Number of protein chains: 2
Amino acid sequence: MAADQEHVSRVEKRRRTEAAISDAARTQFAEVGFERTTIRSVASAAGVDPALVMQYFGSKDGLFAAVARQQKPHRRLLDATREGTPQAALDDLFEDLEDPVSRDALLALMRNCLTHEQAATVLRDDVMRHVHEAVASRIATPDAELRAALLGATLVGLSIGRYMLRIPGLAEASREDVERLLLPVLALLVEPAPQA
Amino acid sequence: MAADQEHVSRVEKRRRTEAAISDAARTQFAEVGFERTTIRSVASAAGVDPALVMQYFGSKDGLFAAVARQQKPHRRLLDATREGTPQAALDDLFEDLEDPVSRDALLALMRNCLTHEQAATVLRDDVMRHVHEAVASRIATPDAELRAALLGATLVGLSIGRYMLRIPGLAEASREDVERLLLPVLALLVEPAPQA
DNA sequence: CTTCCCGGTCAACGAGCGTAGAGTGAACGG
DNA sequence: CCGTTCACTCTACGCTCGTTGACCGGGAAG
């Protein structure tokens, strides 16, 4: 216990407090959504005063934007996604969903994308755009855009159904089983010439 | 104008007012979601006093439940869905999405299923359960449940991506193009033996 | 015509929310 | 050792919301 009594500099203290607020906000945005998350509940979970949250993040929307921006590490997987194969896209998604931080950051976007314009914009124009472009660029037929969009919509449906709606049969399934069934299906979606 | 001065009985008047409130509520729940829809805005759109909404529907949750229940007409398509083919499921979905009333009732469920427990329950246990059972019963392999759940998740992803997220390339695509690309894919998902 | 019923309105309460500004005490720099 | 900075707290404003109970007026019933 006394081990925590180490001296921490002011900047370090500030950094830790901001991180505590940000962690609490990310979790609550992901679990109960933007509207049901209150500045007060985030501050309480982080062990600070609500006014401090305002001081550090400006507003509730600013707090959400900060959390949404944390999803950026996902883009380190951008190179892998640039492959444009369903395998790479699915791997990216599952990898994101296994790390607690990027998982909650991504779920915060998805949970609120239907009721919060900013969440929808970030999800559509920042996250999905990458896989869309990578996939579409590998398809030669004129319906490439639609095929890529359908792949994105399917991955969104998978995430929502598995982690949020918790559809029976999908929520409990192993990642391996999901991949085994979904990969050939997504491959067919992306292949320009199904008849062969 | 004077044509509207016809005499209406009290029960008919009541019925029309309830319908006006219900219509306004369905539209707003579908378009801006449960939280951003206020009793006051619904009443205003219906041309009545907010207190009357409470008197007729009990509470805001009661109003939402009444709208969610209007999705039931969807089940007249249940017989078609019982076929358990992706074609039938997709036809059901598009048919629902083309009628303004059942369309908004379904979108109201989807829009709020991530932030409103009741919406999630109705969507999962009432709407999706039917297509799930119909599809799963036609699959002989032990992964039937997972395959059916993946189909349901895909259809949810399609609806969300096309009508709510409005993913570029998917929102503007014609129903025919979407069906042409998606049907063989869904068929592969539902087929127990992909290798052939 | 009188009486009751009922669709509909009005005004208001109480709670919870995002947010603002003044204040405090400890860590820092000189 | 002193003055400043800064992390952090306290209190409270103003707004919007769901919800309530008293009230009003016209149509139905006798």
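Here the structure is a predicted model, which means the values were calculated and not measured. Chain A is the first sequence line, chain B the second, and so forth, proteins listed ahead of strands; every chain is numbered from 1.
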Enquirer: Tell me the interatomic distance from A/Leu52, atom CG, to D/dC8, atom P, rounded to whole angstroms.
Expert: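 Atom-to-atom, A/Leu52 to D/dC8, this comes out as 6 Å.
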Enquirer: Looking only at N and O atoms, is any donor in the side chain of B/Arg10 or the base of D/dA28 less than 3.5 Å from an acceptor on the other one?
Expert: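 Not at all, since no donor on one side and acceptor on the other fall under 3.5 Å apart.
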Enquirer: Using atom CD of B/Glu18 as one end and atom P of C/dG7 as the other, report the distance to the nearest whole Å.
Expert: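 About 9 Å, once rounded to whole Å.
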Enquirer: In the structure I gave you, are the side-chain heavy atoms of A/Pro168 and B/His132 within less than 4.5 Å of one another anywhere?
Expert: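 Contact flag for A/Pro168/B/His132 side chains = no.
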Enquirer: To the nearest angstrom, how far is B/Asp49 atom CG from D/dC23 atom C1'?
Expert: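 In whole Å, D/dC23 C1' lies 12 Å from B/Asp49 CG.
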Enquirer: Please confirm whether the backbone N or O of B/Leu114 pairs with a side-chain atom of A/Arg111, one donor and one acceptor, at under 3.5 Å?
Expert: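 Yes, the answer is positive, given that a donor and an acceptor are paired below the 3.5 Å cut-off.
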Enquirer: Could you tell me whether the side chain of A/Asp99 and the main chain of A/Ser102 form a donor-acceptor pair under 3.5 Å?
Expert: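 Between the backbone of A/Ser102 and the side chain of A/Asp99 there is a qualifying donor-acceptor contact (under 3.5 Å).
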Enquirer: Assign A/Thr37 to base, sugar-phosphate, or nothing according to its heavy-atom contacts below 4.0 angstrom with the strands shown.
Expert: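 Sugar-phosphate, no base atom in range.
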Enquirer: For the pair made of NE2 in A/His116 and C1' in C/dG18, what is the distance, rounded to whole Å?
Expert: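 Atom NE2 in A/His116 sits about 13 Å away from atom C1' in C/dG18.
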Enquirer: Return yes if a side-chain donor-acceptor contact under 3.5 Å exists between B/Thr115 and B/Glu35, otherwise no.
Expert: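 No donor-acceptor contact under 3.5 Å links the two side chains.
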Enquirer: Counting heavy atoms from C-beta on, name the nucleotide in D/dC17, C/dC28, C/dC10 closest to the side chain of A/Ser9.
Expert: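 Looking only at heavy atoms from C-beta outward on A/Ser9, the closest nucleotide is C/dC28.
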Enquirer: Can you tell me whether the side chain of A/Arg40 and the base of C/dG18 have a donor-acceptor pair closer than 3.5 Å?
Expert: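 Under the 3.5 Å cut-off, the side chain and the base do form a donor-acceptor pair.
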Enquirer: Does any donor atom in the side chain of A/Gln28 or A/Ser41 lie under 3.5 Å from an acceptor atom in the other side chain?
Expert: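 Short answer, yes.
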Enquirer: How many Å lie between CZ on A/Arg14 and P on D/dA7, as a whole number?
Expert: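 One finds 5 Å between P of D/dA7 and CZ of A/Arg14, rounded.
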Enquirer: Could you note down all residue pairs passing salt bridge (charged side-chain N to carboxylate O under 4.0 Å, His left out) where residues 47-68 of chain A supplies at least one of them, sequence neighbours left out?
Expert: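 Found none.
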Enquirer: Look at the side-chain heavy atoms of Ile, Leu, Val, Met, Phe, Trp and Tyr, link any pair under 4.5 Å apart, and say whether B/Val32 and B/Phe29 land in one connected group.
Expert: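 No, no single cluster joins them.
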Enquirer: Taking side-chain contact (heavy atoms from CB on, under 4.5 Å) as the criterion, tell me which of B/Val131, B/Thr85, B/Leu183, B/Val178 meets it with B/Leu90.
Expert: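 So, applying the side-chain contact (heavy atoms from CB on, under 4.5 Å) to B/Leu90 and each of B/Val131, B/Thr85, B/Leu183, B/Val178, only B/Leu183 qualifies.
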Enquirer: So how far off straight is the helix from C/dC1-D/dG30 to C/dG30-D/dC1, going by the axes through five pairs at either end, to 10°?
Expert: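 Answer rounded to 10°: the end axes differ by 0°.
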Enquirer: From CD1 of B/Ile39 over to P of C/dG8, roughly how many Å is that when rounded to an integer?
Expert: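 After rounding, the reported distance stands at 16 Å.
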Enquirer: Between B/Lys13 and C/dG8, is there a side-chain N or O to OP1/OP2 distance below 4.0 Å?
Expert: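 True: B/Lys13 side-chain N/O within range (under 4.0 Å) of C/dG8 OP1/OP2.
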Enquirer: Select from A/Arg36 and A/Ala51 the residue whose nearest nucleotide in DNA chain C is closer to the 5' end of that strand.
Expert: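 Going by which nucleotide is closer to the 5' end, it is A/Arg36.
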Enquirer: Please walk me through it: do A/Arg147 and B/Leu181 pass side-chain contact (heavy atoms from CB on, under 4.5 Å)?
Expert: CA-CA 7 Å; A/Arg147 288 179 184 269; B/Leu181 291 186; 3.3 Å; yes
Enquirer: Heavy-atom contacts under 4.0 Å between residues 53-60 of chain B and DNA chain D, which residues?
Expert: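 Per residue number, the list reads B/Met54, B/Ser59, B/Lys60.
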